[in-house]
Amino acid sequence: MGLRGHSQAPDSVWRGVTFVRDTVPPVLTLTNPVVGTVSQPVVQIQGFANEPLATVLYDVTNTFEMQTNLSGYVIGQFLDTNALTYTTNWFQCYDVGLATNQNLITLRVTDLAGNVTTTNLNLTLDYSGDTNAPSLVVGWPADNALVSGSNFILRGQVDDPTASIQIFADTSSIPATVIRDGSFVASEVPLLSATNLITIVATDAAGNSQTNSLTVRQSAETLTIDPISPGQLTQSTVTLTGTVGVSG
């Protein structure tokens with residue numbers, strides 16, 4: 001495109017713009033889960049496309065229900081510094097619930113030009129072949145640790161994020177919250193005596209369970225942290241103050 005004024009001067013201004021007419025649908029590669037039989041009732045659908053994506057949608061169909069136009073998300077992009085354009089787009093459909101037996105997952109991705117690629121993923125949820133109990137590791141506190149106060153927070157890791165975690169302390173039963181990466185946390189686990197036996201039970205959807213136990217001792221020392229002012233909660237760092245003492 002060139003522009004020139006009304007004068008007879010030969011000077012003109014030219015500008016060029018390159019357009020790409022994209023009529024090719026994106027190429028999809030699914031990386032997780034593997035097509036076939038699974039034993040976890042919730043899965044993460046992961047994969048990548050060879051170009052930027054505008055939308056990621058999926059449907060789930062089984063004998064109990066049909067859910068349509070559920071949203072997936074682009075979670076990462078690769079910038080090709082030679083071509084100065086984004087190429088690989090990684091995506092994930094979070095916490096896709098399955099029903100027993102056959103599940104058809106239809107995935108639809110749309111690129112920035114409106115081209116659509118559709119692919120199907122067939123998963124069979126079957127617990128009969130799952131005989132392995134979840135692997136359970138307690139991260140904190142360590143066995144025989146001294147902990148101050150009348151209760152504490154227990155943290156750990158399980159290799160099956162769909163497993164349920166139950167904490168038993170004396171006569172109390174406390175459920176733990178398990179998040180997507182398999183880490184779990186249970187708050188307000190009571191310390192009722194000088195020596196406390198804590199039992200952690202992880203149970204998967206197939207009914208297999210793993211039990212770990214540890215001893216937590218109540219420390220005579222006390223630690224009190226002062227409340228944090230609301231203004232500090234918007235900062236990248238905070239100043240903590242408190243007191244340390246010995247219980248009577």
Which pairs would a plain distance check flag for residues 223-239, meaning a side-chain donor or acceptor within less than 3.5 Å of a matching protein atom at least two apart in sequence or in another chain?
residue, atom, partner, partner atom, Å
Asp226, OD2, Thr241, OG1, 2.8
Gln232, OE1, Thr239, N, 2.6
Thr234, OG1, Gly231, O, 3.0

Over all atoms of both residues, closest heavy-atom pair of [X] and [Y]:
X: Ser219; Y: Leu146; result: CA-CD2, 4.0 Å
X: Ala206; Y: Tyr127; result: CB-CB, 3.9 Å
X: Ser183; Y: Asp181; result: OG-OD1, 2.7 Å
X: Gln157; Y: Gly182; result: NE2-C, 3.3 Å
X: Asn196; Y: Leu192; result: OD1-N, 2.9 Å
X: Val24; Y: Asp22; result: N-OD1, 3.0 Å

Can you tell me how far apart [atom1] ([X]) and [atom2] ([Y]) are? Round to the nearest 0.5 Å.
X: Asn122; Y: Leu104; atom1: CG; atom2: CG; answer: 5.0 Å
X: Asp80; Y: Gln77; atom1: CG; atom2: CD; answer: 13.0 Å
X: Asn82; Y: Leu79; atom1: CG; atom2: CG; answer: 9.5 Å
X: Gln166; Y: Thr211; atom1: CD; atom2: OG1; answer: 11.5 Å
X: Leu30; Y: Leu107; atom1: CG; atom2: CG; answer: 6.0 Å

Any donor-acceptor pair under 3.5 Å linking the side-chain atoms of Gln102 with those of Thr124?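 Looking only at side-chain atoms, Gln102 and Thr124 do form a donor-acceptor pair, the distance falling under 3.5 Å.
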Could you check whether Thr162 and Asp160, counting side-chain N and O atoms only, form a donor-acceptor pair closer than 3.5 Å? yes
Side-chain heavy atoms under 4.5 Å apart, restricted to Ile/Leu/Val/Met/Phe/Trp/Tyr: what other residues fall into the cluster of Phe64, or is it alone? none
Any chance you could pull the hydrophobic cluster mates of Leu154, using side-chain heavy atoms under 4.5 angstrom and chaining through other members?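 Leu136, Val138, Trp140, Val147, Phe152, Val158, Ile165, Ile167, Ile174, Val178, Phe184, Val189, Leu191, Ile198, Ile200, Leu214, Val216, which link up through side-chain heavy atoms under 4.5 Å apart, make up the rest of the cluster.
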Hey, is the main chain of [Y] close enough, under 3.5 Å, to the side chain of [X] for a donor-acceptor pair?
X: Gln210; Y: Asp204; answer: no
X: Asn208; Y: Asp130; answer: yes
X: Asp143; Y: Thr215; answer: yes

Can you confirm whether [X] sits close enough to [Y] that some side-chain heavy atom of one is under 4.5 Å from a side-chain heavy atom of the other?
X: Asn89; Y: Glu51; result: no
X: Pro26; Y: Leu53; result: yes
X: Ser39; Y: Asp126; result: no
X: Leu121; Y: Val35; result: yes

Assess the residue pair Thr106 and Thr61 against the criterion (side-chain contact (heavy atoms from CB on, under 4.5 Å)); give the C-alpha distance rounded to whole Å, side-chain angles, the decisive distance to 0.1 Å, and a yes or no. CA-CA 8 Å; Thr106 302; Thr61 305; 5.8 Å; no
Among Asn115, Thr118, Thr55, Thr117, which residue meets the side chain to side chain donor-acceptor pair (under 3.5 Å) test with Thr110? Thr55
Just to verify, what does Arg108 make a salt bridge (Lys or Arg N to Asp or Glu O under 4.0 Å) with, not counting sequence neighbours? Asp59
Show which side-chain atoms of residues 91-101 pair as donor or acceptor with protein atoms under 3.5 Å away, not counting sequence neighbours.
residue, atom, partner, partner atom, Å
Gln92, OE1, Gln46, NE2, 3.1
Gln92, NE2, Gln44, OE1, 3.2
Asp95, OD1, Gln44, NE2, 2.7
Asp95, OD1, Arg180, NE, 3.1
Asp95, OD2, Arg180, NH2, 2.8

I'd like to know if [Y] and [X] are part of one continuous hydrophobic network [Ile/Leu/Val/Met/Phe/Trp/Tyr, side-chain heavy atoms within less than 4.5 Å].
X: Ile105; Y: Val38; result: yes
X: Tyr58; Y: Phe48; result: no
X: Val74; Y: Leu70; result: yes
X: Leu123; Y: Leu28; result: yes
X: Tyr73; Y: Phe78; result: yes

By side-chain hydrogen bond (donor to acceptor under 3.5 Å, both in side chains), which residues pair with Asp159, not counting sequence neighbours? none
